[in-house]
Amino acid sequence: MAAHQDLPPRGFVTGSGRCGTTSLAAALNRTAVSRAGTRVRARHESHARELVRRLLVGDQDGAVALLRSIGPVIEVSPYLVFLEDRPLPGVPLVGLCRDGRRTVASGMNDGWYYWTVRPREAHWSRLQPAFPGGRFEKCCRFWSWTYRRLLDWEAPIVRMEDILDPGPERNRLCAALGLSPLAEPLPRKNHDRVGKAKFAVLTMRRATGAQDWTPAMRATFETHCGEMMDLLYPGWRHTGWGGGA
């Protein structure tokens, strides 16, 4: 075991959060196989509390050292985007995204910029950049910020919607991580009912989707996410605002 811990991670997958990292990590951990035919393990948000603590106090070196210590697994975690630089450049890194309308709606329902609601709590959302505007605008800005950062890191970005079932995009993800193609379908939803219910109680809000946004909210989304949506989801402007969180 100690010898394994001296080996670097096999790969990283990261994104904005609320984009499918939980489902992907579970699927990879069940069935991932390297191109050499050996089983590959995956983890979701390894050492999350300690990683967040180090990031909150600005200990970037300590955060990277913690990631290096997890051993030869595929680490799937949205917290990686909060590092100042791409972590361990020799380790493959892939970005995972989900339609920004669904992601922002889900983030609003499940803790993005939670510190604006409960300012005294040392919540992980304090890692999110302190953009101007209200909470909804901050969430929109954060979604675009995440994928600009991943593009700056020259990470390939795959869309969760395209890897739910076997196909070319899933094969591209596996190739980037040095894996054989996965045959198992991914869950369509992460049923985190407890988390959503807890946040709804704390904020006195009901869960909503993009279809519930006001015209002003839709305009805010277009202003701050439109360019990135055009890049990652060409044609999205003609598909309506349906879909929930």
Only pairs under 3.5 Å count here: list side-chain donor-acceptor contacts from residues 84-97, not counting sequence neighbours, and write none if there are none.
from: Arg86; atom 1: NH1; to: Trp153; atom 2: O; distance (Å): 2.9

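- Residues Thr103 and Gly17 come closest through the heavy atom pair CG2-O, 3.5 Å.
- Proximity of Leu182 to Cys174: side-chain heavy atoms (C-beta onward) are separated by under 4.5 Å at one or more points.
- Between Met108 and Cys139 there is a side-chain heavy-atom pair separated by less than 4.5 Å.
- Between atom SG of residue Cys140 and atom CD of residue Glu222 there is a gap of 10.5 Å, rounded to the nearest 0.5 Å.
- Residue pairs meeting the salt bridge (Lys or Arg N to Asp or Glu O under 4.0 Å) criterion with at least one partner in residues 54-63, sequence neighbours excluded, are Glu50-Arg54.
- The distance from atom CE of Met160 to atom CZ of Arg102, rounded to the nearest 0.5 Å, is 12.0 Å.
- Qualifying side chain to side chain donor-acceptor pair (under 3.5 Å) partners for Glu75, counting only residues two or more places apart in sequence or in other chains: Ser46.
- With sequence neighbours left out, the ring pair (Phe, Tyr, Trp, His ring centres under 6.0 Å) criterion links Tyr147 to Trp143.
- Without hydrogens or angle criteria, Ser23 side chain to Gly20 main chain gives no donor-acceptor distance under 3.5 Å.
- Once rounded to the nearest 0.5 Å, the distance linking NE2 of His123 with CG of Leu56 reads 10.5 Å.
- In this structure, the side chains of Leu177 and Val13 come closer than 4.5 Å at one or more pairs of heavy atoms.
- Residues Gln128 and Phe82 form a side-chain contact, since some pair of their non-hydrogen atoms from C-beta on lies under 4.5 Å apart.
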(request) Step by step, work out the side-chain contact (heavy atoms from CB on, under 4.5 Å) result for Val33 and Leu179. (result) CA-CA 6 Å; Val33 176; Leu179 302 175; over 6 Å; no

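- Residues Ala210 and Ala105 share a closest heavy-atom pair of N-CB, 3.9 Å.
- Residues Pro156 and Arg172 approach most closely at CB-NH1, 3.7 Å, considering heavy atoms.
- Note that SG of Cys225 and CH2 of Trp145 are 14.0 Å apart. Values are rounded to the nearest 0.5 Å.
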(request) Test Arg18 against Asp110 for salt bridge (Lys or Arg N to Asp or Glu O under 4.0 Å), laying out the working first. (result) CA-CA 8 Å; Arg18 313 309 308 162; Asp110 200 41; 2.9 Å; yes

(request) Could you go through the side-chain contact (heavy atoms from CB on, under 4.5 Å) check for Leu173 and Leu24 one step at a time? (result) CA-CA 11 Å; Leu173 166 71; Leu24 179 59; 4.0 Å; yes

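- With sequence neighbours left out, the side chain to side chain donor-acceptor pair (under 3.5 Å) criterion links Asn29 to no other residue.
- Applying the salt bridge (Lys or Arg N to Asp or Glu O under 4.0 Å) test to residues at least two apart or on different chains, the pairs with a partner in residues 225-241 are Asp230-Arg237.
- For Ile163 against Leu186, the heavy-atom pair with the smallest separation is O-CD1, 3.9 Å.
- By the side chain to side chain donor-acceptor pair (under 3.5 Å) test, Ser34 is found to be paired with Thr38, residues two or more places apart in sequence or in another chain being considered.
- At distances below 3.5 Å, not a single donor-acceptor pair connects side-chain atoms of Arg98 with backbone N or O atoms of Cys19.
- Residue pairs that meet the ring-ring contact (aromatic ring centres under 6.0 Å, His included) test with at least one member in residues 210-236, sequence neighbours left out, are Phe136-Trp213, Trp213-Phe221, Trp213-Trp241, Phe221-Trp236, Phe221-Trp241.
- The shortest distance between side-chain heavy atoms of Leu151 and Ile157 falls below 4.5 Å.
- Among pairs with a residue in residues 27-49, those fulfilling salt bridge (Lys or Arg N to Asp or Glu O under 4.0 Å) read Arg30-Glu184, at least two apart in sequence or across chains.
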(message) Does Thr239 form a side-chain hydrogen bond (donor to acceptor under 3.5 Å, both in side chains) with Arg101? I'd like the steps, not just the answer.
(response) CA-CA 11 Å; Thr239 60; Arg101 292 164 291 189; 3.0 Å; yes

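- Between the OG1 atom of Thr14 and the CG atom of Leu83 there is a distance of 8.5 Å, given to the nearest 0.5 Å.
- Here the side chains of Trp115 and Glu121 are not in contact, with every heavy-atom distance at 4.5 Å or above.
- Contact check for Ser106 versus Trp112: no side-chain heavy atoms found under the 4.5 Å cut-off.
- Residue pairs meeting the ring-ring contact (aromatic ring centres under 6.0 Å, His included) criterion with at least one partner in residues 12-55, sequence neighbours excluded, are absent.
- Evaluation of the salt bridge (Lys or Arg N to Asp or Glu O under 4.0 Å) test over residues 148-164, restricted to residues two or more places apart or in two chains, returns Arg159-Asp162.
- Contacts of Gln60 classified as side chain to side chain donor-acceptor pair (under 3.5 Å), with partners at least two apart in sequence or in another chain: none.
- Between Asp212 and Met217, the closest side-chain pair of non-hydrogen atoms is not below 4.5 Å.
- When all heavy atoms of Thr146 and Ser16 are compared, the closest pair comes out as CG2-N, 3.6 Å.
- Between Tyr113 and Phe142, the angle of the ring planes goes over 60°, which puts this pair in the perpendicular group of the 30/60° scheme.
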